[in-house]
Amino acid sequence: MNPQPSIDSVRRVLVVGSGTMGTQIAAVFALAGYDTTTSDLDPAALERSREEARRRLGRLAEKGRRTREEVEQTLARMAWTTDTSAAARTADFVLEAAVERLDVKRRLFAELDEAAPAHAILATNSSTIPSSLLVDATDRPDRVCNMHFFNPALVMACVEVVRGPQTSDATVETTLELARRIGKQPVRLNREVPGFVANRLLGALRDEALRLEEAGVASFEDIDVAARTALGHPMGPFELMDLVGIDVAYLIRMAAHEQTGDPDDLPHPSVTRLYEQGHHGRKSGRGWYEYAAG
Ligand SMILES: NC(=O)c1ccc[n+]([C@@H]2O[C@H](COP(=O)([O-])OP(=O)(O)OC[C@H]3O[C@@H](n4cnc5c(N)ncnc54)[C@H](O)[C@@H]3O)[C@@H](O)[C@H]2O)c1
C-alpha cells in the first residue's frame with residue numbers, strides 16, 4: 001500500500017545540501033513555521049550555512065520585515081546535521097538541494113527513500129535533472145517530483161513544481177500547496193521538459209541575443225541596453241550571463257544536449273569560445289564585459 005501524502009501531514013522538512021540554495025530554502029520553510037533540518041556531508045558547509053541563515057534572517061528584522069521575536073523563533077525551528085538518514089527518519093517532506101550530479105542525487109534518493117516515512121515526498125531542487133532520472137533509485141516513484149526554487153530563494157517568489165511520468169496527483173497538489181504556504185507562487189508543469197519554464201524563457205531571450213550579436217545586427221552592449229530600457233529587465237542577457245557565469249551557461253547547455261541529443265541544444269559558439277578561453281564572467285574578471293579586479 002502506498003500512503004499518499006497530504007499537506008496536513010507536513011510538519012517537519014529536511015533540506016539536503018547546505019549550499020547557496022539549501023541555506024535560503026531552509027530559512028524560507030522555517031519562516032513559514034516548519035521545523036526544518038538542513039543536512040550536508042561537509043561540516044564546514046553546514047557551519048557557513050548556519051551563519052548565513054542567521055545573518056540573512058537578522059537582516060529581515062533590521063529592515064523591519066520581521067520582528068526580532070519572529071526571527072528568534074524561526075532560528076529556534078532550524079537545525080543542522082551531517083546525518084542525513086537520521087534527519088530523514090522524522091521528515092514529512094524532503095527537498096534535496098545537493099550538488100548537481102546525477103550519481104550523487106541517485107545515491108541520496110536511495111538513502112532518503114530507505115529512511116523517510118512512507119508518506120514523505122522526496123523532491124529535488126535540481127535545475128537540470130528531472131525527477132524521472134531519480135525515481136528508480138526509490139520504492140516510491142509516485143512521491144517524487146521536482147520543486148525548483150530560484151536564487152535568491154528568500155526573495156524570488158517563483159517555485160516550479162514539475163510532475164514526472166510517475167508522480168501522483170496527491171504529490172503534485174501537496175507540493176503546490178506547500179509552496180503557497182511558504183509564501184511562494186507555484187508554477188505547475190504538467191510534464192518534464194529541459195530547463196522547465198522560467199529558464200526556457202530566459203534561454204530563448206539569450207539565444208536570440210546571441211544570434212543578433214553574431215549576425216552583427218547590434219553590439220552586445222546595445223542589446224543589453226534594449227533589454228533594460230525597452231523590456232524593463234533589471235539587466236540585459238549578456239550582463240546576466242556574466243553574473244551567473246559563462247561556465248554555468250555552457251555546462252547547462254551541454255547537459256541539455258546530453259539529454260536530448262539535439263544539436264540546437266549545444267552551447268552557442270561564442271559562449272563556447274569564452275568558456276574555452278577561461279572568460280567565465282564576473283568571477284574570472286572577464287566574460288562579455290571586463291571587470292575591475294576586487
Ligand atoms: N545556484 C542556483 O542558482 C540554483 C538555482 C536553482 C536550483 N539550483 C539547484 O540547487 C541544487 C544545489 O545548488 P547550489 O547552487 O546550492 O549548490 P552548492 O554547490 O552551493 O551546494 C551544494 C551542497 O551540497 C552538498 N553535498 C554534496 N553532496 C552531498 C550529499 N551526498 N549529501 C548532502 N550534501 C551534499 C555540498 O557539500 C554543498 O554544500 C542543484 O541541484 C542546482 O541545480 C541551483
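Just so it is clear, the structure is predicted and the values come from calculations on it, not from any experiment. Whatever order the structure lists ligands and atoms in, that order sets their numbers, starting from 1.
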Looking only at the side chains, is there a donor atom on one of His257 and Asp262 sitting less than 3.5 Å from an acceptor on the other?
no
No-hydrogen, no-angle side-chain donor-acceptor test under 3.5 Å, Asn146 and Thr124
no
Would you find a donor on one side and an acceptor on the other, under 3.5 Å apart, between the side chain of [X] and the backbone of [Y]?
{"X": "Thr23", "Y": "Thr20", "result": "no"}
{"X": "Arg106", "Y": "Leu134", "result": "no"}
{"X": "Asp35", "Y": "Arg12", "result": "no"}

Check ligand 1 for N or O atoms under 3.5 Å from a protein N or O and list each pair with its distance.
{"from": "ligand 1", "atom 1": "8 (N)", "to": "Ser127", "atom 2": "OG", "distance (Å)": "3.4"}
{"from": "ligand 1", "atom 1": "10 (O)", "to": "Asn125", "atom 2": "ND2", "distance (Å)": "2.9"}
{"from": "ligand 1", "atom 1": "16 (O)", "to": "Thr20", "atom 2": "N", "distance (Å)": "3.3"}
{"from": "ligand 1", "atom 1": "16 (O)", "to": "Met21", "atom 2": "N", "distance (Å)": "2.9"}
{"from": "ligand 1", "atom 1": "20 (O)", "to": "Thr20", "atom 2": "N", "distance (Å)": "3.0"}
{"from": "ligand 1", "atom 1": "20 (O)", "to": "Thr20", "atom 2": "OG1", "distance (Å)": "3.2"}
{"from": "ligand 1", "atom 1": "24 (O)", "to": "Val99", "atom 2": "N", "distance (Å)": "3.4"}
{"from": "ligand 1", "atom 1": "37 (O)", "to": "Asp40", "atom 2": "OD1", "distance (Å)": "2.7"}
{"from": "ligand 1", "atom 1": "37 (O)", "to": "Asp40", "atom 2": "OD2", "distance (Å)": "3.4"}
{"from": "ligand 1", "atom 1": "39 (O)", "to": "Asp40", "atom 2": "OD2", "distance (Å)": "2.7"}
{"from": "ligand 1", "atom 1": "41 (O)", "to": "Ala98", "atom 2": "O", "distance (Å)": "3.4"}
{"from": "ligand 1", "atom 1": "41 (O)", "to": "Glu100", "atom 2": "OE1", "distance (Å)": "2.5"}
{"from": "ligand 1", "atom 1": "41 (O)", "to": "Lys105", "atom 2": "NZ", "distance (Å)": "2.8"}
{"from": "ligand 1", "atom 1": "43 (O)", "to": "Glu100", "atom 2": "OE1", "distance (Å)": "2.9"}
{"from": "ligand 1", "atom 1": "43 (O)", "to": "Glu100", "atom 2": "OE2", "distance (Å)": "3.3"}
{"from": "ligand 1", "atom 1": "43 (O)", "to": "Ser127", "atom 2": "N", "distance (Å)": "3.2"}

side-chain hydrogen bond (donor to acceptor under 3.5 Å, both in side chains) between Glu114 and Ser85, worked out:
CA-CA 8 Å; Glu114 192 71 31; Ser85 279; over 6 Å; no
